[in-house]
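This report concerns only the one structure given below.
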There are 2 protein chains.
Amino acid sequence: MADRLDSTRAVGVMTDEVLVALRRIMRGVDLHSRALMTSCGLTAPQLIVLRELAEAKLPVGVLARRVSLGQATVTGIVDRLQARGLVERIRSDEDRRSVIVAITRDGRRIVRKAPSLMQDRFQREFASLQPWEQSQILSSLQRVVSMMETPDDEEAPMLGVTMDVVAPGRDA
Amino acid sequence: MADRLDSTRAVGVMTDEVLVALRRIMRGVDLHSRALMTSCGLTAPQLIVLRELAEAKLPVGVLARRVSLGQATVTGIVDRLQARGLVERIRSDEDRRSVIVAITRDGRRIVRKAPSLMQDRFQREFASLQPWEQSQILSSLQRVVSMMETPDDEEAPMLGVTMDVVAPGRDA
DNA sequence: TCGATTTGATTTGTACACGATTTATATTGG
DNA sequence: CCAATATAAATCGTGTACAAATCAAATCGA
């Protein structure tokens, strides 16, 4: 019964379970994001960005790196935030290519009363764990991150998924 | 610079790090999905759906539950798969509201030569860990899942791996 | 100084992913 | 038998998220 996938090597079994857990986590985060949306009008990424800006005004590029998102994505998020008057764009005097994003008074007010990024349930349960369990979970997650992100983070050359399907010549 | 987060309560510090790790993982999964796209023309969700269909033709609703996605999302994925001729839609004779999705010969061929869902790198690194590390990671992830999903909501049928911990009952 | 390159941001196009609504078909109640 | 209800899928609207193309400003080179 376990051999439905011809390509399933022994190692695949547990990897698949990891994958399933990952997908369920992603789904959970997404669903919470939507719940947030209906409760306070902000999605998780929007709130993350806003929180970052609550600490300091930043140019878009720096902001993107801070929140681990692409520049294009952040531009869209800032668009929506700006439409609600929660942030403002200021062209830098130093470098007129650069757009500084700053939180507004309204934005600050919303950040202050916004619920936590993760559901209360998660916070509560996580907090109730023993410290060693908390660090174990954190380090496991970080281990997964390190296995997923390229080590010498050159960003592009990791497309090594290709078995023989595609030619690796990306620079040509 | 360490006091920028003065507004976070003690419990928030580690939770935030968990969150960051989670987001980086999600980003990693997404990036891999795109790499997959360029290498074999299929994204991860498409491949997941196709794999499921390689085992049996299914109505859209059942398919959606099997892969833990919404019905609307699966409709879109099936649209794109169908446009490439990898699946076909068949209206059920029994119940003409129902649309059975079946994999085609081309679809089966692609599934066969598609790379694993996760990069080789992840597979290799995960496999190279000590067994106790593997189970620690898996159980940490599953712990996170259980903290995130509301007990009410359980049920998500997952991608067929069902071993322990979650959802004992496979389907009928 | 003027072109070429680089760099920051936006735009465009594709693909998820969801809830809500709509459409088509079944089933049931009167 | 037909209206009311229920269900399956498709469609619509919103919001991520990315790469690629584009635009605009700065900087470098000749």
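By convention in this document, chain letters (A, B, ...) are assigned in the order of the sequence lines, proteins followed by strands, and residues within each chain are numbered from 1.
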[atom1] of [X] to [atom2] of [Y]: how many Å apart, nearest 0.5 Å?
| X | Y | atom1 | atom2 | value |
| --- | --- | --- | --- | --- |
| A/Ser146 | B/Arg24 | OG | CZ | 10.0 Å |
| B/Gln142 | A/Leu22 | CD | CG | 11.0 Å |
| A/Leu50 | A/Leu42 | CG | CG | 6.0 Å |

Taking any heavy-atom pair under 4.0 Å as a contact, classify [X]: base, sugar-phosphate, or nothing.
| X | result |
| --- | --- |
| B/Ser98 | sugar-phosphate |
| A/Arg34 | base |
| B/Arg91 | nothing |

Open item on the list: Checking the side chain of A/Thr104 only, and the main-chain atoms of A/Leu86 only, is there a donor and an acceptor separated by less than 3.5 Å?
Closed with: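 Confirmed, A/Thr104 side chain pairs with A/Leu86 backbone.
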Distance, rounded to the nearest Å, where [X] contributes [atom1] and [N] contributes [atom2]:
| X | N | atom1 | atom2 | answer |
| --- | --- | --- | --- | --- |
| A/Leu63 | D/dA17 | CG | P | 13 Å |
| A/Asp79 | D/dT16 | CG | P | 11 Å |
| A/Arg27 | C/dG19 | CZ | P | 7 Å |
| B/Arg97 | C/dT27 | CZ | P | 6 Å |
| A/Met37 | C/dG19 | CE | P | 13 Å |
| B/Ile77 | C/dC18 | CD1 | C1' | 12 Å |
| A/Met26 | C/dC16 | CE | C1' | 9 Å |
| B/Leu69 | D/dA8 | CG | P | 18 Å |

Open item on the list: For a side chain to side chain donor-acceptor pair (under 3.5 Å) check, start with the C-alpha distance between B/Gln71 and B/Thr75, then their side-chain angles and the critical distance, and finish with the verdict.
Closed with: CA-CA 6 Å; B/Gln71 175 259 311; B/Thr75 290; 3.2 Å; yes
Task: Closest-nucleotide 5' rank along DNA chain D - winner of B/Ile100 and A/Ala72 - done: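 Counting from the 5' end, the first nearest nucleotide belongs to B/Ile100.
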- [ ] Map B/Leu58 and A/Gln46 onto DNA chain D by nearest heavy atom, then report which one ends up closer to the 5' terminus.
- [x]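 The 5'-side residue here is B/Leu58.
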TODO: Go through C/dC16, C/dA15, D/dG15 for me and flag the one nearest to the B/Pro45 side chain.
DONE: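 Among the listed nucleotides, the one closest to the side chain of B/Pro45 is C/dC16.
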Task: Listed nucleotide nearest any side-chain atom of B/Leu31, set C/dT10, D/dC18, C/dC16 - done: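 Within the option list, the nearest is D/dC18.
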Can you check whether [X] has a side-chain N or O nearer than 4.0 Å to OP1 or OP2 of [N]?
| X | N | value |
| --- | --- | --- |
| A/Arg96 | D/dC23 | no |
| B/Thr75 | D/dT11 | no |
| A/Thr73 | D/dC18 | yes |

Task: Residue met sooner reading DNA chain C from 5', once A/Gly61 and A/Asp30 are mapped to nucleotides - done: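 The 5'-side residue here is A/Gly61.
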- [ ] Tell me which of A/Asp95 and A/Gly76 sits closer to the 5' end of DNA chain C, going by the nucleotide each one is nearest to.
- [x]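 Nearest-nucleotide comparison on DNA chain C picks A/Asp95.
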Open item on the list: For residues A/Met37 and A/Val78: do they belong to one hydrophobic cluster (side chain heavy atoms under 4.5 Å, members Ile, Leu, Val, Met, Phe, Trp, Tyr)?
Closed with: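 No, A/Met37 and A/Val78 fall in different hydrophobic clusters.
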TODO: Using only heavy-atom distances, decide whether a donor-acceptor pair under 3.5 angstrom links the side-chain of B/Gln71 to the base of D/dA8.
DONE: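 For B/Gln71, whose side chain was compared with the base of D/dA8, there is no donor-acceptor pair (under 3.5 Å).
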